[in-house]
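First the structure, in the form of structure tokens, and then the observations on it.
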Amino acid sequence: MSTAVRPVVVFVLGGPGAGKGTQCEKIVDEFGFVHFSAGDLLREERKSGSSDGDLIQSYIQNGKIVPVEITINLIKKAMEKSERKRFVIDGFPRNEDNYEGWQRHMQGVVDVKFVLYLDCPDEVCLERAMKRGQGRSDDNMETFRKRLRIHTDETMPIIETYKQLGLLRVVSSVPSAEEVFQEVKKLFEAL
């Protein structure tokens, strides 16, 4: 299959509260990409009553990363349902297992253009996550600290892997969402 017909993927990574969802919404509005949040797909599956729902619930509640096969299967199903073939996927891959699973199952199936890393200090992430905490069971202090630790210990090495592959694009997400998007926009205009 040639590159021209493969779906295009951009991963969006950053700490909890870095603004991944906000920037993805703006990318969708401006560039017509389809946005999938790995976390949202997992939360929807958890609520669906499927056989994986209880397992997903346990992982999310404990701030742990859900097994890669489950997450990739949900992303793949969502991609197959879409009529559009340009995707921003936020919150994935979050660790070495996610990265290796993606390579195993999706390499050659999709064209990963780059990884957008929204760089944001922990204290800013914490403030944002606590503000949005109404309605999301994983936006409490204990779960936030677990998610931040996972981000530091498990996701940062993946960021480094993408840097070594020449696929990493870093944007500070400290300024306002609109200012951040002005920088993000430049990356997508170059596609």
Would you confirm whether the ring centroid of Tyr99 sits within less than 6.0 angstrom of the ring centroid of Tyr162? yes
Could you tell me whether Glu69 and Arg104 have a side-chain N and a carboxylate O separated by less than 4.0 Å? yes
Start with the C-alpha gap between Leu74 and Phe36, add the side-chain angles, then the distance that decides, and say whether side-chain contact (heavy atoms from CB on, under 4.5 Å) holds. CA-CA 10 Å; Leu74 293 173; Phe36 298 129; over 6 Å; no
Mind checking what makes side-chain contact (heavy atoms from CB on, under 4.5 Å) contact with Ser82, not counting sequence neighbours? Val34, Arg84, Phe87
Salt bridge Lys47-Glu44, side-chain N to carboxylate O under 4.0 Å: no
Same cluster (ILVMFWY, side-chain, under 4.5 Å), Val171 and Val174: no
Restricting to non-hydrogen atoms, name the atom on Asp90 and the atom on Cys24 that form the minimum distance, rounded to 0.1 Å. CB-SG, 3.8 Å
Please determine whether a side-chain nitrogen of the Lys or Arg among Arg43 and Asp40 lies less than 4.0 Å from a carboxylate oxygen of the Asp or Glu. yes
Looking at Val180 and Ser172, what are the two nearest heavy atoms and their distance? CG2-O, 3.5 Å
Any heavy-atom pair between the side chains of Cys120 and Arg128 that's under 4.5 Å? yes
Show your reasoning for whether side-chain contact (heavy atoms from CB on, under 4.5 Å) applies to Thr71 and Leu42. CA-CA 7 Å; Thr71 309; Leu42 290 165; 3.9 Å; yes
Are Val9 and Met79 close enough that some pair of their side-chain heavy atoms sits under 4.5 Å apart? yes
Classify the ring geometry between Phe11 and Trp102 as parallel (under 30°), tilted (30 to 60°) or perpendicular (over 60°). perpendicular
Take Phe92 and Leu41, measure what side-chain contact (heavy atoms from CB on, under 4.5 Å) needs, and give me the verdict at the end. CA-CA 11 Å; Phe92 188 89; Leu41 290 171; over 6 Å; no
Nearest 0.5 Å, please: how far is CG in Leu13 from CG in Asp119? 12.0 Å
Measure the CD1-NZ distance between Ile27 and Lys20 for me, rounded to the nearest 0.5 Å. 12.5 Å
Residues which pass side-chain contact (heavy atoms from CB on, under 4.5 Å) with Glu154, listed by chain and number, not counting sequence neighbours: Ile65, Asn95, Ile150
Identify the two heavy atoms, one from Leu167 and one from Lys113, that lie closest to each other, and give their separation to 0.1 Å. CD2-O, 3.5 Å
First locate atom CG of Leu116, then atom CD of Glu183, and finally report the distance between them rounded to the nearest 0.5 Å. 11.0 Å
Taking it one step at a time, do Phe188 and Glu30 satisfy side-chain contact (heavy atoms from CB on, under 4.5 Å)? CA-CA 9 Å; Phe188 282 83; Glu30 182 84 14; over 6 Å; no
Please tell me if the side chains of Tyr117 and Met156 come closer than 4.5 Å, counting only heavy atoms from C-beta onward. yes
Heavy atoms, side chains only, cut-off 4.5 Å: are Gln23 and Ser173 in contact? no
Got Lys26 and Glu178 here, is their nearest side-chain heavy-atom distance under 4.5 Å? yes
Side chains of Asn73 and Lys77, heavy atoms from C-beta outward: is any pair under 4.5 Å? yes
Knowing that exactly one of Glu96, Arg147, Glu160, Arg94 qualifies, which makes a side-chain contact (heavy atoms from CB on, under 4.5 Å) with Thr155? Arg94
Roughly how far, to the nearest 0.5 Å, is CZ of Arg46 from CG of Asp54? 10.5 Å
Taking the side chain as every heavy atom from C-beta outward, state whether Ile72 and Met106 have any pair of such atoms under 4.5 Å apart. yes
If we only count heavy atoms from C-beta on, is the Asn98 to Ile158 side-chain gap below 4.5 Å? no
How many angstroms lie between CD in Glu100 and CD in Gln103, if you round to the nearest 0.5 Å? 9.0 Å
For the residue pair His151 and Pro16, what are the closest heavy atoms and their distance? CB-CD, 4.4 Å
When rounded to the nearest 0.5 angstrom, what distance separates CG in Leu191 from CZ in Arg86? 6.5 Å
Is there a path of hydrophobic side-chain contacts, each under 4.5 Å between heavy atoms of I, L, V, M, F, W or Y residues, that connects Val124 with Phe181? no
